[in-house]
**Student:** 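This structure is in structure tokens; I'll ask about it shortly.
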Amino acid sequence: MANYYSEHPEIGFYLNHPLMARIVELKEKGFADAKEYDYAPVDLGDAIENYKQILDITGDVAANIIAPNSESVDLEGPHLENGRMIYASKTFENLDATRKAGLWGVSMPRRYGGLNLPNAVFSMLSEIVSAADAGFQNIWSLQSCIDTLYEFGSEEQRQKYIPRVCAGEGMSMDLTEPDAGSDLQRVMLKATFDEKENCWRLNGVKRFITNGDSDIHLVLARSEEGTKDGRGLSMFIYDKRNGGVDVRHIEHKLGIHGSPTCELTYKNAKAELCGSTRLGLIKYVMALMNGARLGIAAQSVGLSQEAYNEAIAYARERQQFGEKIINFPAVFDMLSRMKAKLDAGRSLLYQTACYVDIYKCLEDIERDRKLTPEEKQEMKKYQRLADAFTPLAKGMNSEYANQNAYDAISIHGGSGFIMEYKSQRLYRDARIFSIYEGTTQLQVVAAIRYIGNGTMLQNIKDMACSVDCGNAAVNLTALKARVEALIPVYEKAIADAKALENQEAFDFLARRLYDMTCELVMSLLIIRDAVKAPELFEKSANVYVRMAEEDILGKAAYIANFKPKDLDSFRAL
């Protein structure tokens with residue numbers, strides 16, 4: 001039988017990530033759960049075997065249930081009945097299969113019914129599900145909203161809601177409104193405290209809500225009357241069982257048809273405050289969004305993998321002029337770039353996920369005991385790295401997914417434009433990845449402060465020092481030297497942009513600096529991976545470094561020759 005995990009050994013490779021042993025040590029807290037739960041691991045090796053089993057189960061479900069259902073789900077989509085969203089028929093089969101496989105609430109502690117999986121492993125599951133159907137991945141991966149409730153909710157709320165998610169109930173995060181898209185400070189859905197019922201009541205409209213008729217919602221609402229900015233917003237938990245929210249409309253979208261995008265009306269809906277008032281946007285949504293952005297990076301990698309699979313399978317079979325098209329330089333150049341982007345992007349995804357895991361695990365430990373000074377320093381270090389790398393992982397992987405889906409159609413030629421071929425659906429599905437949960441332009445805004453202040457430059461230099469080619473092939477040593485030669489070029493480009501002493505010009509050049517940063521990081525990561533597994537990654541390392549070199553040198557020349565007066569040529573007419 002097909003299996004989306006075992007067929008792609010590149011995924012399992014990251015179970016041996018250099019940080020994985022530390023993650024397991026922190027996540028399992030001395031493997032104390034083994035005394036109470038017979039399925040809890042007793043040591044590192046046991047934990048890795050558990051992860052492999054879960055990944056294998058997911059790969060089986062993805063390949064043999066979710067993927068075969070994907071075309072039907074795409075054609076049918078969800079629909080509206082009496083104010084309720086009804087999933088496509090085959091989506092119910094997907095939900096049933098993932099529930100029976102125990103793939104819900106997987107990141108939660110075992111005491112609530114979860115599997116206590118690290119974020120890195122959850123990202124692997126997410127990648128696999130996305131490769132089968134990116135639309136269903138949206139529904140399934142929103143279970144990660146429970147991480148925010150676990151982090152900021154009360155113990156009573158944890159015991160009330162987490163077991164339900166572990167049993168397979170769905171979640172949503174209700175943030176966007178008709179007049180508040182990326183600018184969430186403008187959220188106006190009103191939250192008022194009902195003294196008589198000792199609860200909060202929500203009134204207003206939410207728009208573009210993924211899985212909007214879910215069982216449990218995290219809702220951003222304005223709790224402080226008279227306020228107009230983020231300091232007046234709080235986070236609330238809405239339970240569908242209590243009623244008060246109707247689906248007014250389901251959006252008709254270009255892609256991800258299986259994922260319902262809803263407009264909701266809140267009418268005196270009963271809700272619970274999550275955490276403290278006034279911290280909804282400032283603290284809680286930021287945590288929620290960072291998790292969502294990493295989820296989209298995983299979603300993007302999964303779709304990139306499937307686009308590459310479709311493209312290479314077609315190229316191996318299709319003949320033109322008496323020869324398989326995979327032998328044409330124009331085609332194998334395109335395929336090699338697709339694979340290089342996929343592999344480099346995946347490495348960035350799991351590097352970022354591991355950074356997130358370490359600081360989140362230490363934060364969780366801190367709820368039970370005081371951290372040592374060394375642990376506090378470790379937590380701060382990895383939180384800074386996670387904050388710096390998350391916008392890189394989301395932005396670049398979502399762009400690569402779009403590029404790979406585009407190229408998959410090109411390799412199919414006219415057939416790629418025909419609805420019977422999967423490549424057209426992948427292309428439609430991918431388009432949203434670089435838009436929702438913060439456009440690529442917003443990822444640039446999030447990342448640029450770490451670029452401008454030299455943080456990423458130092459990270460890149462540290463990474464270069466840590467990549468040990470050792471006894472690796474001469475080719476990899478030479479590739480590393482080429483990347484190291486690009487670091488001063490990158491450093492000068494940052495200095496050139498800052499020397500303009502013009503904020504508008506710096507902002508204009510920020511995307512180029514962002515791309516250069518990502519390409520250097522991914523070049524070093526893919527070389528590191530190729531040293532350990534040349535059979536998996538050496539070809540991609542060779543291709544990716546050449547691509548990065550070409551791009552970084554070109555962007556550096558652009559920045560070196562840019563003047564603030566040049567902005568006038570680019571302003572919209």
Side-chain angles (χ1 to χ4, degrees), residues 1 3-6 11-12 14-17 19-66 94-129 140-141 143-147 149-151 153 155-171 215-216 353-354 356-358 360-369:
M1 291 179 69
N3 188 297
Y4 276 25
Y5 169 63
S6 60
I11 302 172
Y14 293 100
L15 291 174
N16 299 312
H17 190 280
L19 295 175
M20 188 58 74
R22 179 59 173 157
I23 291 167
V24 172
E25 177 187 9
L26 293 170
K27 190 74 176 174
E28 292 299 334
K29 300 178 181 177
F31 300 96
D33 274 5
K35 298 173 184 176
E36 190 172 348
Y37 304 95
D38 59 6
Y39 59 91
V42 297
D43 56 27
L44 173 62
D46 196 19
I48 298 299
E49 284 305 310
N50 281 1
Y51 301 158
K52 288 178 180 177
Q53 289 179 22
I54 295 161
L55 286 161
D56 191 65
I57 290 168
T58 306
D60 181 12
V61 171
N64 299 299
I65 297 175
I66 300 172
N94 296 342
L95 289 167
D96 184 58
T98 52
R99 285 167 183 154
K100 287 177 178 174
L103 300 179
W104 286 81
V106 292
S107 64
M108 289 293 97
R110 296 180 184 91
R111 65 183 182 273
Y112 300 116
L115 297 178
N116 202 44
L117 296 186
N119 187 68
V121 178
F122 180 77
S123 296
M124 294 175 188
L125 302 179
S126 202
E127 175 191 337
I128 291 167
V129 173
W140 176 85
S141 70
Q143 64 177 279
S144 64
C145 292
I146 204 64
D147 294 345
L149 191 151
Y150 171 75
E151 189 172 350
E155 181 56 28
E156 181 183 357
Q157 289 170 335
R158 292 176 184 172
Q159 292 182 14
K160 180 179 180 181
Y161 293 110
I162 295 177
R164 289 172 55 184
V165 175
C166 293
E169 292 195 29
M171 295 195 73
D215 302 290
I216 303 165
C354 286
V356 171
D357 267 324
I358 290 183
K360 287 290 187 183
C361 285
L362 286 164
E363 278 188 342
D364 193 37
I365 290 170
E366 194 174 30
R367 295 184 183 98
D368 299 327
R369 65 165 174 84

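Any value given below was found using the heavy atoms of this structure, including those in side chains, with hydrogens, waters and symmetry copies removed.
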**Student:** Under a 3.5 Å distance rule, please check whether Asp357 uses its side chain to pair with a backbone N or O of Ala120 as donor and acceptor.
**Tutor:**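 Pair found, side chain donor or acceptor close to backbone of Ala120.
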**Student:** Over all heavy atoms of both residues, which pair between Phe31 and Pro41 is shortest? Give the atoms and the distance, please.
**Tutor:**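 The pair with the smallest heavy-atom distance is CD2-O, 3.4 Å.
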**Student:** How long is the span from the OH atom in Tyr112 to the CZ atom in Arg158, to the nearest 0.5 Å?
**Tutor:**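 Tyr112 OH to Arg158 CZ: 4.5 Å, rounded to 0.5 Å.
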**Student:** Do any N or O atoms from the side chain of Asn116 and from the backbone of Arg110 form a donor-acceptor pair under 3.5 angstrom?
**Tutor:**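 Judged by distance alone, no pair lies under 3.5 Å.
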**Student:** Where is the tightest heavy-atom contact between Ser107 and Lys27, given as atom of each residue plus distance?
**Tutor:**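 Scanning both residues completely, I find the closest heavy atoms to be O-NZ, 3.8 Å.
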**Student:** Is there side-chain contact between Lys360 and Glu151, with at least one heavy-atom pair below 4.5 Å?
**Tutor:**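 With C-beta onward as the side chain, the pair touches.
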**Student:** Show the nearest heavy-atom pair for residues Tyr51 and Val24, with the distance to one decimal.
**Tutor:**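 Looking at all heavy atoms of both residues, the closest pair is OH-CG2, 3.7 Å.
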**Student:** For the pair Asp96 and Lys100, find out whether any cationic side-chain nitrogen is under 4.0 Å from an anionic carboxylate oxygen.
**Tutor:**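 Counted as a salt bridge, because a side-chain N and a carboxylate O are separated by less than 4.0 Å.
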**Student:** A side-chain contact here means heavy atoms from C-beta on lying under 4.5 Å apart; do Tyr4 and Glu127 qualify?
**Tutor:**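 SC-SC contact between Tyr4 and Glu127 ruled out.
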**Student:** Mind checking the CD-CG spacing from Glu169 to Leu95? Nearest 0.5 Å is all I need.
**Tutor:**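 With rounding to 0.5 Å, CD (Glu169) is 11.5 Å from CG (Leu95).
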**Student:** Do the side chains of Thr98 and Ile66 get nearer than 4.5 Å, heavy atoms only?
**Tutor:**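 Heavy-atom side-chain distance check passes, below 4.5 Å.
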**Student:** Does Asp368 pair with Lys29 as a salt bridge, N-O distance under 4.0 Å?
**Tutor:**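 Yes.
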**Student:** Test Glu25 against Leu44 for side-chain contact (heavy atoms from CB on, under 4.5 Å), laying out the working first.
**Tutor:** CA-CA 7 Å; Glu25 177 187 9; Leu44 173 62; over 6 Å; no
**Student:** Can you check whether Tyr5's main-chain N or O pairs, donor with acceptor, with Asp56's side chain at less than 3.5 Å?
**Tutor:**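 It does not hold such a pair.
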**Student:** About how many Å separate CD1 of Ile11 and OG of Ser123, when rounded to the nearest 0.5 Å?
**Tutor:**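 These two atoms lie 11.5 Å from each other.
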**Student:** For a quick test of reading the model, state the closest non-hydrogen atom pair linking Gln157 to Gly153 and the distance between them.
**Tutor:**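 Taking Gln157 first and Gly153 second, the nearest heavy atoms are OE1-CA, 3.3 Å.
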**Student:** Do the side chain of Gln143 and the main chain of Val106 share a donor and acceptor less than 3.5 angstrom apart?
**Tutor:**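 Here the side-chain-to-backbone pair exists.
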**Student:** With a 4.5 Å heavy-atom cut-off, do Leu19 and Ile358 have their side chains touching?
**Tutor:**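 Yes - at least one pair of side-chain heavy atoms lies under 4.5 Å apart.
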**Student:** Is the distance from the ring center of Phe122 to that of Trp140 below 6.0 Å?
**Tutor:**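 Yes, ring centres under 6.0 Å apart.
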**Student:** Apply side chain to side chain donor-acceptor pair (under 3.5 Å) to residues Asp364 and Tyr150 and explain how you reach the verdict.
**Tutor:** CA-CA 10 Å; Asp364 193 37; Tyr150 171 75; 2.6 Å; yes
**Student:** Is any side-chain heavy atom of Ile48 closer than 4.5 Å to one of Met20?
**Tutor:**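 Yes, at least one pair of side-chain atoms sits under 4.5 Å.
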**Student:** Please tell me if the side chains of Asp147 and Met108 come closer than 4.5 Å, counting only heavy atoms from C-beta onward.
**Tutor:**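 SC-SC contact between Asp147 and Met108 confirmed.
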**Student:** Let me see the working for Tyr37 and Arg111 under side-chain contact (heavy atoms from CB on, under 4.5 Å), right down to the final yes or no.
**Tutor:** CA-CA 9 Å; Tyr37 304 95; Arg111 65 183 182 273; 3.5 Å; yes
**Student:** With no hydrogens and no angle check, is any side-chain donor or acceptor of Asn64 less than 3.5 Å from a backbone partner on Asp60?
**Tutor:**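 Side chain of Asn64 to backbone of Asp60: a pair is present.
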**Student:** Grab the two heavy atoms, one from Leu115 and one from Gly102, that are nearest each other, plus how far apart they are.
**Tutor:**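 So the two residues come closest at CD1-O, 3.7 Å.
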**Student:** Tell me whether the count of non-hydrogen atoms from other residues, nucleotides or ligands lying under 6.0 Å of CD in Glu155 goes above 12.
**Tutor:**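 It does: Glu155 CD has more than 12 such atoms within range.
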**Student:** Has the side chain of Asp46 got a donor or acceptor atom that lies under 3.5 Å from a matching backbone atom of Val42?
**Tutor:**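 Judged by distance alone, yes, a pair lies under 3.5 Å.
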**Student:** Would you say Asp215's side chain and Gly170's backbone share a donor-acceptor pair under 3.5 angstrom?
**Tutor:**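 Yes; judged by distance alone, with no hydrogens or angles, the pair exists.
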**Student:** Do Ile23 and Asn119 pass the side-chain contact (heavy atoms from CB on, under 4.5 Å) test, and can you show the C-alpha distance, the side-chain angles, and the key distance before you say yes or no?
**Tutor:** CA-CA 10 Å; Ile23 291 167; Asn119 187 68; over 6 Å; no
**Student:** Which value, rounded to the nearest 0.5 Å, describes the distance between Ile162 atom CD1 and Ile146 atom CD1?
**Tutor:**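 One gets 5.0 Å once the value is rounded to the nearest 0.5 Å.
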**Student:** Can you tell me how far the CG atom of Leu362 sits from the CG atom of Leu26, to the nearest 0.5 Å?
**Tutor:**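 Those atoms lie 5.0 Å apart.
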**Student:** How close do Ser126 and Ser141 get, counting heavy atoms only, and between which atoms?
**Tutor:**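 It is OG-CB, 3.9 Å.
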**Student:** Could you check Ile54 against Val121 for side-chain contact (heavy atoms from CB on, under 4.5 Å), going step by step and ending with a plain yes or no?
**Tutor:** CA-CA 9 Å; Ile54 295 161; Val121 178; 5.6 Å; no
**Student:** So do the side chains of Leu103 and Val129 get within less than 4.5 Å of each other, counting heavy atoms only?
**Tutor:**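 The answer is no, as the side chains (C-beta and beyond) never meet within the 4.5 Å cut-off.
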